[in-house]
Amino acid sequence: MNKVSFFALILGFALLATACKSGINSTTKNTAATAENLLETRYKMLLDYPVDSMSMPRSMTIKTNDIKKVPSRDWTSGFFAGNLWQLYRLTGNEEYKRQAEKWTPFSKKESVNRNSHDVGFKVYCAYGEALKVENKQEYKDVIIKGAETLCTRFDAKVGAIRSWDFNKDIWDYPVIIDNMMNLELLFEATKLSGNKKYQDIAIQHANTTLKNQFRDDHSCYHVIDYNPTTGAVRKKTTLQGYNDDSVWARGQGWAVYGFTMSYRYTKDPAYLKQAEATAQFFMTDKNLPEDGIPYWDFRDPAIPNSARDVSAATVMASALYELYSYTKNKSYLAYADKVIATLQSDKYILDPKINAPFIFDHSTGNWPKHDEIDEPIIYADYYFLEALLRKK
């Protein structure tokens with residue numbers, strides 16, 4: 001039995017034990033076996049995807065069988081290599097490692113790309129995962145170079161790293177909640193290099209976000225636009241939510257994940273407090289479906305006939321496994337376990353007949369732009385695999 005089968009079997013036993021208490025053990029046993037087979041089929045398809053530096057898989061439109069492929073400059077480009085590294089850690093299968101080693105170098109040039117705030121996503125999701133497997137100096141060097149590049153987008157007056165450079169007629173200095181995720185690159189670069197500059201900038205960004213990005217109910221805005229001359233807040237708005245005052249689901253996941261991660265490196269109790277508050281908001285919202293997979297925006301008036309977002313669920317689940325490790329709050333563990341269990345079904349796992357390097361269906365990318373709606377998206381898979389590793 002290979003390690004994929006062993007890991008899935010362990011998960012199956014866990015589901016079986018739970019189900020036995022409810023008298024539905026035979027149904028759950030069959031479901032667990034089906035999920036194991038489906039996941040193994042999906043995992044292997046990542047190995048079969050042709051290596052191409054200009055064709056990193058991002059998402060897929062199932063109706064047309066069209067895979068959206070991107071070059072390294074796309075913010076999602078590091079996830080596929082990261083998925084392969086994580087599958088190697090989950091399974092021990094050397095084939096995943098060999099493929100990961102082929103894909104990872106494609107992200108290297110993004111370590112010097114100053115035109116994007118997503119250096120963390122592009123570089124760390126590939127090279128950070130590689131470093132967890134192999135302690136190579138070249139991996140460390142790319143991470144440190146990427147951190148140096150990301151620092152060029154920091155403005156001391158604002159106290160934050162600038163996000164987008166587009167729509168300059170709308171925003172003066174936009175900072176999005178997603179940017180909390182890129183701070184891991186900075187924190188890790190300080191660990192690797194001993195240079196406190198990277199961590200200092202990460203802390204300033206986190207503190208500015210903490211001060212301005214959250215509402216009284218602990219949900220977060222997507223975009224805060226600043227006056228770069230004074231550092232004052234100009235407007236609180238959105239690009240990917242339903243409207244400025246709505247609750248974009250993945251944004252809440254970025255917030256909980258980002259502040260939990262920041263707590264890991266700093267032990268600042270304010271970060272832990274905010275992560276817990278936003279997690280509680282998310283888990284107790286009246287519009288969170290029973291199975292734990294949120295609608296793309298908690299305030300979409302089309303609910304319950306609204307698109308779900310598996311990626312928001314997997315980001316949150318991964319974050320909550322880490323948050324549980326610091327707090328021992330069992331509600332975090334319960335939600336994360338629910339998400340993992342929910343996704344272990346043919347309702348969410350892609351049909352084995354679909355030949356594509358993705359695991360799950362039903363994520364939502366950018367609803368206002370009608371882009372990647374209810375589709376497989378690469379980062380949903382990434383944070384699912386990370387959640388499995390954290391659970392394990």
Side-chain angles (χ1 to χ4, degrees), residues 75 116-125 128 143-144 146-164 173-193 195-228 231-234 236 248 250-282 315-316 318-320 322-323 325-327 332 383 386:
W75 79 272
S116 169
H117 63 284
D118 281 323
V119 184
F121 278 124
K122 294 185 285 187
V123 170
Y124 195 73
C125 290
I143 290 169
I144 294 167
E148 191 68 36
T149 296
L150 185 57
C151 288
T152 65
R153 298 185 65 83
F154 176 77
D155 184 274
K157 177 66 73 173
V158 175
I161 297 165
R162 183 188 180 98
S163 296
W164 305 306
Y173 196 100
V175 176
I176 60 176
I177 192 63
D178 321 36
N179 241 13
M180 286 297 301
M181 303 293 287
N182 290 294
L183 301 187
E184 189 166 12
L185 177 76
L186 300 180
F187 283 123
E188 197 63 27
T190 287
K191 278 185 64 179
L192 295 174
S193 69
N195 187 340
K196 285 182 77 278
K197 177 181 78 171
Y198 310 124
Q199 177 160 316
D200 288 345
I201 287 176
I203 290 172
Q204 290 180 71
H205 182 98
N207 288 344
T208 299
T209 302
L210 187 66
K211 178 181 178 182
N212 298 317
Q213 208 98 17
F214 293 91
R215 305 183 179 98
D216 290 342
D217 63 4
H218 302 296
S219 66
C220 67
Y221 290 94
H222 182 204
V223 187
I224 305 296
D225 186 36
Y226 293 90
N227 181 325
V233 173
R234 290 187 64 246
K236 299 185 177 186
W248 178 47
R250 192 164 67 251
Q252 314 311 303
W254 294 146
V256 175
Y257 190 115
F259 279 98
T260 302
M261 174 267 295
S262 296
Y263 176 78
R264 182 203 314 157
Y265 288 99
T266 66
K267 302 307 177 190
D268 186 333
Y271 298 163
L272 190 67
K273 182 179 179 181
Q274 187 61 66
E276 290 203 86
T278 303
Q280 289 294 342
F281 170 87
F282 186 101
V315 169
M316 184 63 77
S318 184
L320 290 180
E322 181 172 15
L323 191 57
S325 74
Y326 304 132
T327 65
Y332 306 150
Y383 290 104
E386 183 180 73

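Looking only at atom types and distance, the side chain of Ser318 has a donor-acceptor partner in the side chain of Glu386 under 3.5 Å away. Side chain to side chain, Tyr263 and Glu276 fail the donor-acceptor criterion of an N or O pair below 3.5 Å.
Taking Lys267 as the reference, nothing meets the salt bridge (charged side-chain N to carboxylate O under 4.0 Å, His left out) condition, with sequence neighbours excluded. In this structure, Tyr124 has no ring-ring contact (aromatic ring centres under 6.0 Å, His included) partners at least two apart in sequence or on a different chain. With sequence neighbours left out, Tyr198 forms a ring-ring contact (aromatic ring centres under 6.0 Å, His included) with no residue at all.
Closest approach of Cys220 to Gln252, counting heavy atoms only: N-OE1, 2.9 Å. Taking all atoms of both residues into account, the shortest heavy-atom contact from Tyr173 to Ala160 is OH-O, 2.8 Å. Nearest approach of Leu192 to Ile143, heavy atoms of both residues: CD1-CG2, 3.9 Å. Listed here is the closest heavy atom pair of Arg153 and Ser116: CD-O, 3.3 Å.
Taking the side chain as every heavy atom from C-beta outward, Leu272 and Leu323 approach each other to under 4.5 Å. His117 is listed as a side-chain neighbour of Ile176, based on a closest heavy-atom distance under 4.5 Å. A heavy-atom distance below 4.5 Å is not found between the side chains of Ile161 and Asn182. By the 4.5 Å heavy-atom criterion applied to side chains, Tyr257 and Met180 are not counted as neighbours. Annotation: side chain of Arg162 is not in contact with side chain of Asp155 (no heavy-atom distance under 4.5 Å). Taking 4.5 Å as the limit, some side-chain heavy atom of Tyr265 sits within range of a side-chain heavy atom of Lys191.
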Query - Residue pair Phe121, Asn179: steps toward the side-chain contact (heavy atoms from CB on, under 4.5 Å) verdict - result: CA-CA 9 Å; Phe121 278 124; Asn179 241 13; over 6 Å; no
Report task. Before giving the answer on ring-ring contact (aromatic ring centres under 6.0 Å, His included), spell out for Phe259 and Phe214 the whole-Å C-alpha distance, their side-chain angles and the decisive distance to 0.1 Å. Result -> CA-CA 12 Å; Phe259 279 98; Phe214 293 91; 5.7 Å; yes
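By the 30° and 60° cut-offs, the orientation of the rings of Trp254 relative to Trp75 is perpendicular.
The pair Lys122-Asp118 does not count as a salt bridge, with every side-chain nitrogen at least 4.0 angstrom from each carboxylate oxygen.
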